[in-house]
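Throughout, a chain's letter reflects where its sequence line sits, starting with A, and its residues are numbered from 1. Values below: all heavy atoms of this structure, side chains included; hydrogens, waters and symmetry mates excluded. The model shown is predicted, which means the values in this text are computed figures rather than measured ones.
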There are 2 protein chains.
Amino acid sequence: MSPDPASPLSVGLNAVILAVTEERPRILVVEGTGESAHADTLPFGPLDPRGDRTLELTLRGWVRERTGLELGYVEQLYTFGDRDRGFHRATSGARVLSIAYLALVRETGTPEADNAQWKDVYDFLPWEDWRRGDPPLVRNTVVPALERWIRSADGAEAKRERRLRAEITFGLGGSDWDSDRVLERYELLYGAGLVHEAVRDRGLPEPPDPELPLGRAMALDHRRMLATALGRIRGKIRYRPVVFELLPPRFTLLQLQRVVEALAGMGTHKQNFRRLVERQGLVEGTGSLESRTGGRPAELFRFRKEVLRERRTPGVGLPGR
Amino acid sequence: MSPDPASPLSVGLNAVILAVTEERPRILVVEGTGESAHADTLPFGPLDPRGDRTLELTLRGWVRERTGLELGYVEQLYTFGDRDRGFHRATSGARVLSIAYLALVRETGTPEADNAQWKDVYDFLPWEDWRRGDPPLVRNTVVPALERWIRSADGAEAKRERRLRAEITFGLGGSDWDSDRVLERYELLYGAGLVHEAVRDRGLPEPPDPELPLGRAMALDHRRMLATALGRIRGKIRYRPVVFELLPPRFTLLQLQRVVEALAGMGTHKQNFRRLVERQGLVEGTGSLESRTGGRPAELFRFRKEVLRERRTPGVGLPGR
DNA sequence: CCCCATATACTCACAATGAGTATAAGTACC
DNA sequence: GGTACTTATACTCATTGTGAGTATATGGGG
């Protein structure tokens with residue numbers, strides 16, 4: 001990041017590296033520096049204009065160097081380049097462009113390096129986990145705070161607009177919860193001053209409610225990047241077989257289901273989930289059994305590559321679409 | 001673009017501006033400069049680090065300035081930053097980063113400005129239009145050329161890989177054509193040396209077949225950006241009501257259907273299309289009639305905003321998903 | 001008035017989906 | 001060795017969605 005004082009523009013790469021361990025989505029964060037010393041920070045690296053041929057190779061390179069991780073699946077997420085990305089004091093004036101990437105890995109234990117560590121995604125976005133029904137946090141804290149935000153708008157028209165937006169993004173007033181709208185929800189909460197970054201960036205007063213601001217903060221606009229990543233992967237598992245990047249080569253159907261549910265933040269009907277992945281031809285049995293299930297042993301399955309040729313959209317399918 | 005000689009990195013914005021006119025998807029191109037003087041070029045502008053607060057505002061600004069167009073729907077597409085993006089002679093050494101955006105407008109006639117003009121999208125990507133069944137170009141030219149490309153691989157394993165990739169992206173050998181895989185198809189054709197840009201960038205010999213290289217070339221890697229845009233919009237119309245950005249406020253169902261088909265590059269069943277958009281609540285009748293249909297007058301419909309609250313994925317739905 | 005074109009209503013078979021019941025086969029504990 | 005508990009797996013059923021088609025309505029042009 002450290003912008004060259006001669007140039008008002010600097011460009012860096014950020015990585016949202018996700019894994020799923022014991023039914024919890026995890027993200028790799030490093031210790032911040034300077035202004036953000038105490039906030040969790042996404043791994044980042046400079047873009048060396050004379051370096052690797054592709055941006056993705058650059059990313060893989062410094063992730064390997066700094067964390068010892070060999071990335072598997074990598075895709076570009078979004079380029080963040082607005083002014084005021086939480087830089088108001090740190091780098092006033094300079095423009096920082098961040099090209100964010102999503103990467104999926106199998107968490108293998110403690111990362112080798114530096115100050116990198118795995119943390120729970122839902123510590124940062126606690127309103128996103130609906131696996132056990134609507135979270136009390138949403139019911140007791142988020143919704144009332146949104147109601148206050150709606151009422152505080154100037155004029156009836158502005159109030160109507162805020163209400164509509166809140167209803168759509170948070171599934172209120174008859175709308176259904178759409179698990180994919182992670183970024184929209186974060187941005188609404190940011191705009192409503194309900195996350196710490198908004199308090200920080202706009203110098204708002206700390207709200208009195210101990211549950212507010214919501215979730216755990218990250219440095220700069222990194223939580224926005226995490227939200228972008230979670231939304232992207234939630235959408236993608238429906239039509240591309242990306243979940244398997246997070247699983248060992250052989251797995252039980254329940255393991256597969258738990259990983260999907262962890263990402264999607266919602267539960268699924270066991271028998272229907274099973275029917276779906278089998279009938280689609282997404283997986284195939286290996287014949288061998290896993291007996292440490294706590295119940296009847298389960299067959300071990302593997303991803304069935306041929307499905308790529310057979311199906312236009314080989315994904316896992318979640319309820320409500 | 002014009003890279004600062006002191007800095008080996010320059011950053012610009014590119015816009016893929018789409019409209020649909022008379023059942024043909026159209027793209028706004030400008031005349032190239034320098035190396036690309038004769039190739040169609042996407043509108044682009046520099047990123048002024050001290051300029052507008054957001055990248056999107058910057059984009060809207062210079063599009064307005066240079067073409068007189070007021071953009072409606074805008075979304076970021078992708079950031080292209082690999083070396084060798086068709087710059088091998090023009091700007092050797094310097095790294096150029098291009099943040100590409102997709103914009104949708106209603107074509108209003110000749111653009112006001114500069115050297116901007118509308119051209120048919122399918123002139124650049126002729127293998128993408130399947131509205132009248134599989135295009136002869138695909139059957140007679142693309143497929144045989146892909147076969148040659150597969151055979152020319154070194155070793156059985158490499159041949160198998162090429163065949164699998166060709167079958168998936170082009171819907172051969174039992175696979176279905178997936179209209180969304182526009183970028184994958186362009187990249188395969190580029191890699192196989194079947195588009196002019198590949199010939200240009202890699203100094204390949206011009207193929208003897210008059211149908212090759214395929215389609216009309218664009219400057220630099222702009223055709224890749226167009227392919228990215230077309231793939232994105234094809235995916236998006238299924239679950240977000242973006243088509244209406246391309247239509248007048250009131251339209252007949254056939255007009256709506258034709259615009260969708262033009263984008264998707266495939267035909268739809270008229271009665272089922274109608275049933276879908278009406279039952280979803282995506283449109284509502286206005287009561288008035290359009291009589292210049294050539295047959296029985298059709299009712300004029302409008303987009304029904306309430307659907308955003310009612311449906312998680314308010315889109316038009318295409319066959320085969 | 002007849003032909004032609006488009007609009008609109010309705011039918012039907014079949015596939016996909018959401019929800020649930022029933023049964024199988026292990027482990028833990030007494 | 002039996003019983004409770006846990007997970008796996010098979011199967012049913014109602015409802016909805018999808019692909020394909022037939023039938024009828026209503027305009028314009030000769």
Side-chain angles (χ1 to χ4, degrees), chain A residues 22-23 133 176-177 179 238-239 250-261 264 266-301 307 310-321, chain B residues 23 130 133 176-177 179 238-239 250-261 264 266-301 307 310-321:
Chain A
E22 284 165 13
E23 314 193 356
D176 290 321
W177 176 266
S179 62
R238 295 174 205 279
Y239 63 92
R250 308 194 322 159
F251 45 82
T252 69
L253 291 182
L254 188 58
Q255 283 175 336
L256 173 61
Q257 186 184 357
R258 293 304 184 213
V259 170
V260 169
E261 290 176 338
M266 56 194 304
T268 59
H269 181 114
K270 184 169 178 170
Q271 296 90 324
N272 290 349
F273 180 87
R274 179 194 176 85
R275 174 177 66 189
L276 203 81
V277 295
E278 282 199 282
R279 285 245 277 250
Q280 277 210 68
L282 202 64
V283 296
E284 61 191 352
T286 62
S288 37
L289 296 180
E290 166 67 67
S291 46
R292 289 161 304 177
T293 55
R296 171 173 167 180
E299 184 168 8
L300 285 166
F301 287 76
V307 76
E310 299 160 1
R311 298 238 157 215
R312 248 185 300 230
T313 58
V316 288
L318 290 170
R321 279 277 155 109
Chain B
E23 313 193 357
W130 284 56
D176 291 322
W177 176 265
S179 63
R238 295 175 205 279
Y239 63 93
R250 307 192 326 157
F251 45 83
T252 69
L253 292 183
L254 189 59
Q255 283 174 334
L256 173 60
Q257 185 183 358
R258 293 302 184 217
V259 170
V260 168
E261 291 176 337
M266 56 195 304
T268 59
H269 181 112
K270 183 169 178 170
Q271 296 90 324
N272 290 348
F273 180 87
R274 179 194 176 85
R275 175 178 65 189
L276 203 81
V277 296
E278 282 200 282
R279 284 246 276 252
Q280 277 211 72
L282 203 63
V283 297
E284 62 191 351
T286 63
S288 37
L289 295 180
E290 165 67 67
S291 46
R292 290 159 303 177
T293 56
R296 171 174 166 179
E299 185 168 7
L300 285 165
F301 287 77
V307 75
E310 298 160 1
R311 299 239 155 213
R312 250 185 300 231
T313 58
V316 288
L318 291 169
R321 281 275 156 111

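Ser291(B) comes within contact range of no nucleotide atom at all, as no heavy-atom separation falls under 4.0 Å.
In terms of position on DNA chain D, the residue among Leu318(B) and Leu253(A) whose nearest nucleotide sits closer to the 5' end is Leu253(A). The residue among Glu299(B) and Gly295(B) whose nearest nucleotide of DNA chain C lies closer to the 5′ end is Gly295(B). Along DNA chain C, the nucleotide nearest Gly294(A) and the nucleotide nearest Asn272(A) are compared for position; the residue whose nucleotide lies closer to the 5' end is Asn272(A). In this structure, Gln271(B) and Leu289(B) both approach DNA chain D, and ranking their closest nucleotides by distance from the 5' end singles out Gln271(B).
Put simply, the side chain of Pro319(A) reaches to within 4.5 Å of the side chain of Met266(A), judged on heavy atoms. Using a 4.5 Å heavy-atom cutoff, the side chains of Arg238(B) and Leu318(B) are in contact.
Listed nucleotides dT7(D), dC12(C), dT8(C) differ in distance to Arg275(B); the shortest reach to its side chain belongs to dC12(C). Distance from the side chain of Arg279(B) is smallest to dT18(D) among dA10(D), dT18(D), dT6(C).
Regarding Phe273(A), its CZ atom lies at a distance of 13 Å from the P atom of dT9(D), rounded to whole Å. Rounded to whole Å, the distance from NE2 on His269(B) to C1' on dA7(C) is 13 Å. Going from atom CG of Leu276(B) over to atom C1' of dT18(D) covers 9 Å, rounded to whole Å. In this structure, the CD atom of Glu23(A) is 13 Å from the C1' atom of dT7(D), given to the nearest Å. Regarding Arg292(A), its CZ atom lies at a distance of 16 Å from the C1' atom of dA8(D), rounded to whole Å. In this structure, NZ of Lys270(A) is placed 8 Å from P of dT9(D), rounded to the nearest angstrom. Taking atom CZ of residue Arg311(B) and atom C1' of nucleotide dG17(D), one finds them 11 Å apart after rounding to whole Å. If you measure from atom CD of Glu278(A) to atom P of dT17(C), you get 15 Å, rounded to the nearest angstrom.
Side-chain N/O atoms of Arg296(A) include none lying less than 4.0 angstrom from OP1 or OP2 on dT27(C).
Rounded to the nearest 0.5 Å, atoms CG (Leu253(B)) and CD (Gln271(B)) are 12.0 Å apart.
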For this session: Output, in order, the C-alpha distance, side-chain angles, deciding distance and verdict of side-chain contact (heavy atoms from CB on, under 4.5 Å) for Leu300(A) and Thr252(A).
Result: CA-CA 5 Å; Leu300(A) 285 166; Thr252(A) 69; 4.0 Å; yes
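Looking only at distances, a side-chain donor or acceptor of Gln280(B) sits under 3.5 Å from a matching main-chain atom of Gly315(B).
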